[in-house]
Amino acid sequence: MMRRASHQIAAVAVLVCHASLAAADDLASFSDVQLAERAREAVVAQDAEAALDLLTEMQRRGTGIFAGLQSGTCDEVIVLPDGITDWRFKGAARQAYITAAKRTALKAGTCGCLFDGFSFDMFTSEILGKPGADLVNDDRADLEGYLTQHQRETEARYRDLETVCRSM
């Protein structure tokens with residue numbers, strides 16, 4: 001009889017651990033905005049366990065109320081090749097890169113650092129089809145074209161996302 005009870009306890013423990021791992025995987029698939037909305041819902045519903053899980057995931061990502069608590073900084077890192085002599089190139093590259101990073105954040109619904117997981121090389125490869133080290137002065141026109149096409153709409157949508165992120 002005692003052995004049967006211990007087997008039942010072990011089975012319940014395995015199910016609880018498995019459910020916790022599955023819940024953690026589900027949380028990882030949420031965007032930052034979805035995570036904040038679910039956390040808010042859990043607090044209103046006074047579901048302490050769900051709220052704790054959601055807030056723990058927010059803390060892991062450094063988003064919502066935990067934004068800015070990370071020890072690192074969030075800066076764009078733009079390394080241009082020595083052959084760039086056009087003094088306006090750096091500004092165009094920086095603005096286009098920031099716009100592309102904001103578009104990426106909007107697609108993902110993330111509130112963290114714009115440049116985490118989106119390097120300047122990724123940007124230039126995606127937009128210009130070549131790494132940053134291969135840029136030449138003539139690429140400025142393409143960067144400015146990208147900026148003209150996307151900046152206004154992206155800025156308006158990103159301001160809305162920032163408002164949501166600040167309210168988390």
Side-chain angles (χ1 to χ4, degrees), residues 13-80 90-132 135 139 142-168:
V14 167
L15 287 174
V16 168
C17 288
H18 182 65
S20 295
L21 290 174
D25 287 341
D26 288 344
L27 293 179
S29 68
F30 288 175
S31 72
D32 291 353
V33 173
Q34 290 172 320
L35 197 60
E37 288 170 350
R38 297 280 166 79
R40 200 175 290 125
E41 291 168 4
V43 169
V44 169
Q46 296 182 352
D47 184 346
E49 186 175 332
L52 179 61
D53 290 342
L54 291 158
L55 289 169
T56 299
E57 178 65 12
M58 289 171 72
Q59 182 179 29
R60 184 189 70 75
R61 293 184 194 184
T63 189
I65 62 173
F66 302 102
L69 297 180
Q70 299 166 342
S71 60
T73 61
C74 179
D75 295 320
E76 76 273 4
V77 177
I78 299 172
V79 178
L80 297 176
K90 175 91 177 196
R94 181 176 185 272
Q95 288 303 313
Y97 176 41
I98 290 170
T99 298
K102 286 179 178 180
R103 289 174 57 86
T104 300
L106 284 164
K107 284 180 194 170
T110 58
C111 297
C113 177
L114 286 176
F115 311 106
D116 284 347
F118 189 66
S119 68
F120 185 68
D121 272 345
M122 289 173 70
F123 161 69
T124 59
S125 294
E126 184 179 303
I127 303 305
L128 302 173
K130 58 182 164 182
L135 294 176
D139 289 321
D142 291 331
L143 293 169
E144 288 172 340
Y146 175 85
L147 200 53
T148 300
Q149 182 179 0
H150 297 289
Q151 188 176 30
R152 182 172 296 193
E153 178 252 338
T154 300
E155 287 299 321
R157 289 182 48 226
Y158 191 75
R159 274 193 301 276
D160 293 340
L161 177 63
E162 281 183 314
T163 300
V164 171
C165 292
R166 280 193 294 266
S167 71
M168 294 192 294

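The two atoms that bring L54 and A42 nearest to each other are CD1-CB, 4.0 Å, heavy atoms only. For the residue pair L161 and T110, the shortest heavy atom distance occurs at CD2-O, 3.4 Å.
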Give every donor-acceptor pair under 3.5 Å between a side-chain atom in residues 120-129 and any protein atom, sequence neighbours left out.
unit_1, atom_1, unit_2, atom_2, d
D121, OD1, G132, N, 2.8
T124, OG1, F120, O, 3.4
T124, OG1, D121, O, 3.2
T124, OG1, K130, O, 2.9
T124, OG1, G132, N, 3.0
S125, OG, D121, O, 2.9

Derivation and outcome, side chain to side chain contact (heavy atoms under 4.5 Å, CB included), residues I98 and Y158: CA-CA 11 Å; I98 290 170; Y158 191 75; over 6 Å; no
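Between the side chain of S119 and the backbone N or O of F115 there is no donor-acceptor pair closer than 3.5 Å.
In this structure, the separation between CG on D75 and CG on L114 is 11.0 Å, given to the nearest 0.5 Å. In this structure, the separation between CG on D26 and CG on D53 is 11.0 Å, given to the nearest 0.5 Å. Taken to the nearest 0.5 Å, the CD atom of Q149 stands 14.0 Å off from the CD atom of E144.
Partners of E153 by side chain to side chain donor-acceptor pair (under 3.5 Å), not counting sequence neighbours, listed by chain and number: R157. Considering only residues two or more places apart in sequence or on other chains, Q34 meets the side-chain contact (heavy atoms from CB on, under 4.5 Å) condition with F30, S31. Remark: Q151 pairs with Q95, T99, L147, E155 by the side-chain contact (heavy atoms from CB on, under 4.5 Å) rule, at least two apart or across chains. When the side chain to side chain donor-acceptor pair (under 3.5 Å) test is applied to R152, no partner is found at least two apart in sequence or on another chain. Residues that satisfy the side chain to side chain donor-acceptor pair (under 3.5 Å) test with E76, not counting sequence neighbours, are R94.
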